[in-house]
Amino acid sequence: MNKFDIARALDDISSYLELSENNRFRALAFERAAHSIRALDAEPADLIASGELVKTPGIGKATAAIIEELVRTGESKYLGELRTQYPSGIFELLRIPKLGLKKIGILHEKLGIGNLDELEAAARDGRVAPLPGFGPKTQQYILSGIEKARRRESHFLLPVGVDTGEQIREHLAAIEEIEDAEVSGSVRRRLEIIRNVNIVIATRDQDAVVRALSKFVEKIERIDDDTVKAFARNEIDVWFHFAKPEAFGATLLVTTGTPEFVAAFLERGGKLGRARTEKELFDKAGIAYVDPERRENGDDLKRKRHRRLIEVSDLRGTFHVHTTFSDGRNTVHEMLTTARDRGFEYVGISDHSPAAFYAGGLSVEQLKLQHKEIAANEREVAPMRVFRGTEADILPDGTIDYDEKTLKKFDFVIASIHSRFQMPKDEMTERMLRALDNPYVTFLGHLTGRKLLSRDGYSVDFERIFEKAGQRGVMIEINGNPNRLDLDWRHIRRAMDLGVGFAITPDAHSIHEYAALISGTWVARKAGLTPKEIFNTKPADEVAAYLKARRAG
DNA sequence: GCCGTTTTCGGCCCGACTGTTTTCAGTCG
């Protein structure tokens, strides 16, 4: 077991303890131990051998014994025992707002509840309200929370759709009778939330293909002569659209949509005749090709020429990267070497500021240590450049959560809101405007704070924010985390018109989350952005010079 | 469960908010 497996096991222990224990500090101790293990630049197995494990902060005798057992046997008896006390799906209940581990523990202890169905039945019967710490309002919240969760069940974040489409295409590649297959629909248009996956298949033997589909999808259902619907393993609806190879282009165009775009295409003289590719259809009609991401409406059909939209390979570097110094799951060393291995010319490390206590925000003392740690790793990852930054909280009054002396030390500052989300729109706007006036702010982080499919963003006057950001030269982040995708692509054009610059960031909390640059690029493409409109497509020297000049000015 | 130039017990990361209380606990960021 490596350090990440061990940390996960310790986190699991912590969760179970919080369900069952009165002493929440025991749970907290395991959580800290997990964080401590992740922050190691060594493997626990080696530390056991040298007897150094118990010297690790947050690891005492009891935890060390569990870690030794995990390393030796791959499991922990203690964790195993905790698991047997609860139904396997109990943590699913965390999806319901206002339900945390404490309340879930009570629900299980008093009513034996271990899943959503049981919870719903109990709440309907009025058995939840009388429980200690609950009440009629909480019971009502739970019911509406379950309803919302159910409604979202048929909605998925874009990467789920993209991955499902890719997996199915891989299966399709093995079917002889298929000449071509492409994902279409909202997934191809890279819409941030999708309900189904559409796939166009070019074949002359539809029946043979349908028979072969059953190997990797379930519940195949015939819709019409050219369409079947099925169920992917991860419960997404998948629509298969069949076309003769010579009509593949038209079917791809129609099923990619949107209906509004297709109608506008026809209006401008486009025809859905014989064509193997979409390109042929655009060419025949004398219309410049429109990328799928730009087909929410017909606006781009008026363009004389096709614009080359940004691609993830255009990004030479990135900002907004967290480490174990705050709430990241990988160390400075791991984040930096991964960035180097991905071929970046530069990377900007930005951990949280003190006000983000829950995320382990860095005190000025800890910042010094972090900068030391970065310096210690800089040579190894050279010539990649490392910029020292922060994701600093915008406090409720609009000030930034470090004093000027500290802010001066950063190469860049991402200012973000992490508290008091429910502020009235006017106050929230003033708060952000004030932050934008701070001369040390380089980027505005996740503008609305939304979490797709779970939480709306805070309300804010976009127009005034864009205006100010444009005037002040503060760039707005296109946060590529698939849960956020914030700034919303629908707002980007307007922001650009008001002079706002953009950077695509992964908001990475682990080495794997650099991948969020891909989803961030999707957002930029949907807004029609080209490489030159994104800050982090610029070469390292230019970026360094800009950041330096901005700090001086 | 961990930790200690406040050291072997008693505290442990903050603060707003909400619904539950009748002085506070749980959730959320």
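Hydrogens, waters and symmetry mates play no part in the numbers below; they use all other heavy atoms, side chains included.
Atom pair F25(A):CZ and dG10(B):P shows a separation of 15 Å (rounding to whole Å applied). To the nearest angstrom, P of dT27(B) lies 9 Å from CG of L94(A). As a whole-Å value, the separation of D507(A) CG from dG29(B) C1' is 14 Å. Atom P of nucleotide dC14(B) and atom CG of D393(A) are separated by 15 Å, given to the nearest angstrom. The CG atom of D327(A) sits 14 Å away from the C1' atom of dC28(B) (whole-angstrom rounding). The nearest whole Å value for the distance from the CE atom in M428(A) to the P atom in dG29(B) is 13 Å. We find that CG of L28(A) is positioned 11 Å from P of dC14(B), with the value rounded to whole Å. Rounded to an integer number of Å, the gap from CZ of R431(A) to P of dG29(B) is 14 Å.
The heavy-atom pair separating T442(A) from R550(A) by the smallest distance is CA-NE, 4.1 Å.
As rounded to the nearest Å, dG26(B) and dT21(B) have P atoms that lie 12 Å from one another. Between dC2(B) and dT6(B), the two P atoms lie 23 Å apart (nearest whole Å). Distance noted for atom P between dC24(B) and dC12(B): 16 Å (whole Å). A distance of about 15 Å separates the C1' atoms of dT18(B) and dT23(B), rounded to the whole Å. Taking atom P in both dG29(B) and dT22(B), the straight-line distance is 28 Å, to the nearest Å. Spacing of P atoms, dG10(B) relative to dG15(B), comes out at 25 Å, to the nearest Å. Nucleotides dT20(B) and dT27(B) place their C1' atoms 13 Å apart, quoted to the nearest Å.
Contact check, S419(A) against dC28(B): no side-chain N or O comes under 4.0 Å of OP1 or OP2. Between dG26(B) and R24(A), no contact under 4.0 Å exists linking OP1 or OP2 to a side-chain N or O. The phosphate of dC17(B) (OP1 or OP2) has a side-chain N or O of R420(A) nearer than 4.0 angstrom. Applying the 4.0 Å criterion to OP1 and OP2 of dA16(B), one finds that Q422(A) has every side-chain N and O outside that range.
Taking 4.0 Å as the cut-off between side-chain N and carboxylate O, E334(A) and K3(A) count as a salt-bridged pair. The pair E147(A)-R151(A) meets the salt-bridge criterion, since a charged nitrogen lies less than 4.0 angstrom from a carboxylate oxygen.
Sorted by first and then second residue, the side chain to side chain donor-acceptor pair (under 3.5 Å) pairs with a member in residues 451-477 of chain A read H320(A)-E477(A), E430(A)-R464(A), D437(A)-K468(A), E463(A)-R494(A), E477(A)-N479(A), E477(A)-T505(A); sequence neighbours excluded. Screening residues 346-357 of chain A for side chain to side chain donor-acceptor pair (under 3.5 Å), with sequence neighbours left out, gives T323(A)-D351(A), S326(A)-D351(A), D327(A)-H352(A), D351(A)-Q370(A), S353(A)-D401(A).
Across all strands shown, dT8(B) has no partner, as no Watson-Crick or G-U wobble contact with both distances under 3.5 Å is found.
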Could you tabulate the donor-acceptor pairs under 3.5 Å formed by side-chain atoms of residues 132-145 of chain A, not counting sequence neighbours?
| from | atom 1 | to | atom 2 | distance (Å) |
| --- | --- | --- | --- | --- |
| Q139(A) | OE1 | V128(A) | N | 3.2 |
| Q139(A) | OE1 | A129(A) | N | 2.8 |
| S144(A) | OG | Y141(A) | O | 3.1 |

Show me, pair by pair, the donor-acceptor contacts under 3.5 angstrom made by side chains of residues 402-413 of chain A, not counting sequence neighbours?
| from | atom 1 | to | atom 2 | distance (Å) |
| --- | --- | --- | --- | --- |
| Y402(A) | OH | L362(A) | O | 2.7 |
| D403(A) | OD1 | K405(A) | N | 3.4 |
| D403(A) | OD1 | T406(A) | N | 2.9 |
| D403(A) | OD1 | T406(A) | OG1 | 2.6 |
| E404(A) | OE2 | Y440(A) | OH | 2.9 |
| D411(A) | OD2 | R388(A) | N | 2.7 |

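Every residue two or more places apart in sequence or in another chain that forms a side-chain hydrogen bond (donor to acceptor under 3.5 Å, both in side chains) with D117(A) is listed here: R150(A). The side-chain contact (heavy atoms from CB on, under 4.5 Å) check on E373(A) picks up D41(A), F325(A), V332(A), N377(A), with sequence neighbours excluded. With sequence neighbours excluded, the residues forming a side-chain hydrogen bond (donor to acceptor under 3.5 Å, both in side chains) with E52(A) are S50(A), listed by chain and number. Among residues two or more places apart in sequence or in another chain, the side-chain hydrogen bond (donor to acceptor under 3.5 Å, both in side chains) test is passed with R38(A) by D11(A). Every residue two or more places apart in sequence or in another chain was checked for a side-chain contact (heavy atoms from CB on, under 4.5 Å) with E81(A), and none qualifies.
Residue order along DNA chain B, read from the 5' end via each residue's closest nucleotide, puts A29(A) first among A29(A) and I417(A). Both K61(A) and H418(A) sit near DNA chain B, but only K61(A) has its closest nucleotide nearer the 5' end.
The one candidate from R484(A), K526(A), R490(A) that meets the side-chain hydrogen bond (donor to acceptor under 3.5 Å, both in side chains) condition with E192(A) is R490(A).
Using a 4.0 Å cut-off on heavy atoms, the residues of residues 129-143 of chain A that approach DNA chain B are G133(A), F134(A), G135(A), P136(A), K137(A), T138(A), Y141(A), listed by number. The stretch residues 69-89 of chain A has no heavy atom under 4.0 Å from DNA chain B, so no residue of it qualifies as close. Scanning residues 354-366 of chain A for heavy-atom distances under 4.0 Å to DNA chain B yields F357(A), Y358(A).
Checked against dG26(B), dT18(B), dG29(B), the side chain of F421(A) finds its nearest nucleotide in dG29(B).
Within 4.0 Å (heavy atoms only), L101(A) reaches sugar-phosphate atoms of the nucleic acid but no base atom.
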